[in-house]
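FYI, the numbering just counts along the sequence from 1.
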Amino acid sequence: MKNLESREDIELLVNSFYDKVIKDETIGFFFKDIIKVDFDKHLPKMYSFWETILFGQMSYKGNPMAVHFPVNALKAMEKRHFERWLELWKQTIEETFTGLNASMAITKSENIANLMAYKMEMARKL
């Protein structure tokens, strides 16, 4: 186990996480079937997102909430989906990393998952 402390560490974390996501029966279909993610484009965005969140590098440019609303319109992104996302994220972190940034990555992801689940549910009610 090592500290989560560099862009390279984030790349390892994100790549390992998405390896799990793609195979997952609960959420993998969003990426494979609903939006057919181009991972060559998606993964670098996620590296930058988490680099910004964890290290304050400001390398991410975008609005993650806005990106998810159209997906939610195609297929409801429910609380259980975000719970599974969070479970896989935490598992991936805990398998590889330790330390303050690893703990922060879990805390930040919990906040993100809860907010996203709430916003997606509210959007479906409008």
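Side chain of His81 to main chain of Glu78: a donor-acceptor pair is present (N/O by atom type, distance under 3.5 Å, no hydrogens or angles). In terms of modelled atom types and a separation under 3.5 Å, the side chain of Thr107 and the main chain of Met104 share no donor-acceptor contact. Of the possible donor and acceptor atoms, none in the side chain of Asn72 sits under 3.5 Å from a partner among the backbone N and O of His68. Judged by distance alone, with hydrogens and angles left aside, the side-chain atoms of Asp24 form no donor-acceptor pair with the main-chain N or O of Lys20 at under 3.5 Å.
When all heavy atoms are compared, the tightest approach of Met116 to Pro64 is CE-O, 4.2 Å. In terms of heavy-atom proximity, Pro44 sits nearest to Arg7 at O-NH2, 4.0 Å. Contact between Val71 and Met77 at its shortest, heavy atoms only, is CG1-SD, 3.7 Å. The two atoms that bring Asn114 and Lys79 nearest to each other are OD1-NZ, 4.1 Å, heavy atoms only. Smallest separation of non-hydrogen atoms from Ser109 and Leu86: OG-CD1, 3.2 Å. A pairwise comparison of heavy atoms in Glu51 and Ser59 identifies OE1-OG, 2.7 Å as the closest pair.
Atom CE of Met58 sits in a sparse spot, with 12 or fewer heavy atoms from other residues, nucleotides or ligands closer than 6.0 Å.
Screening Phe97, Tyr60, Trp89 against Trp50 for a ring-ring contact (aromatic ring centres under 6.0 Å, His included) leaves a single residue, Trp89.
Counting only heavy atoms from C-beta outward, the side chains of Val37 and Tyr18 never approach each other to under 4.5 Å. Between Leu4 and Leu13 there is a side-chain heavy-atom pair separated by less than 4.5 Å. Proximity of Ser16 to Glu95: side-chain heavy atoms (C-beta onward) are nowhere separated by under 4.5 Å. At least one side-chain heavy atom of Met120 sits less than 4.5 Å from a side-chain heavy atom of Met65. In this structure, the side chains of Ile112 and Trp85 come closer than 4.5 Å at one or more pairs of heavy atoms.
Linking Ile, Leu, Val, Met, Phe, Trp and Tyr whenever their side-chain heavy atoms come within less than 4.5 Å puts Ile22 and Leu88 in one cluster. The same ILVMFWY cluster, assembled from side-chain heavy atoms under 4.5 Å apart, contains both Ile35 and Phe29. Val67 and Phe31 end up in different hydrophobic clusters when Ile, Leu, Val, Met, Phe, Trp and Tyr side chains are linked at under 4.5 Å. In terms of hydrophobic clustering, with Ile, Leu, Val, Met, Phe, Trp and Tyr side chains grouped at heavy-atom distances under 4.5 Å, Tyr118 and Phe82 are assigned to different clusters. Follow the hydrophobic side-chain contacts under 4.5 Å out from Met122 and you never reach Phe69; the two are in separate clusters.
Ile93 contributes atom CD1, which lies 11.5 Å from atom CG of Asp9 (distance to the nearest 0.5 angstrom). Within the model, atoms OG of Ser48 and CD1 of Ile53 stand 11.5 Å from one another, a figure rounded to the nearest 0.5 Å. We find the NZ-OG1 distance between Lys2 and Thr98 to be 11.0 Å, quoted to the nearest 0.5 Å. Interatomic distance, Leu54 CG to Phe49 CZ, rounded to the nearest 0.5 Å: 9.0 Å. Atom CD1 of residue Ile34 and atom CD1 of residue Ile27 lie 13.0 Å apart, to the nearest 0.5 angstrom. For the atom pair Leu43 CG and Asp38 CG, the distance stands at 9.0 Å (nearest 0.5 Å).
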Report task. Applying side-chain contact (heavy atoms from CB on, under 4.5 Å), run through Met46 and Phe17 and close with a yes or a no. Result -> CA-CA 11 Å; Met46 295 299 93; Phe17 169 69; over 6 Å; no
**Report entry** Stepwise salt bridge (charged side-chain N to carboxylate O under 4.0 Å, His left out) test for Glu121 and Arg124
**Finding:** CA-CA 5 Å; Glu121 181 180 347; Arg124 290 192 305 275; 5.3 Å; no
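Classification of Glu110 and Lys90 as a salt-bridged pair holds, one side-chain N sitting under 4.0 Å from a carboxylate O. A salt bridge is defined here as a Lys NZ or Arg NE, NH1 or NH2 lying under 4.0 Å from an Asp or Glu carboxylate O, and Glu83 with Arg80 fails to meet this definition.
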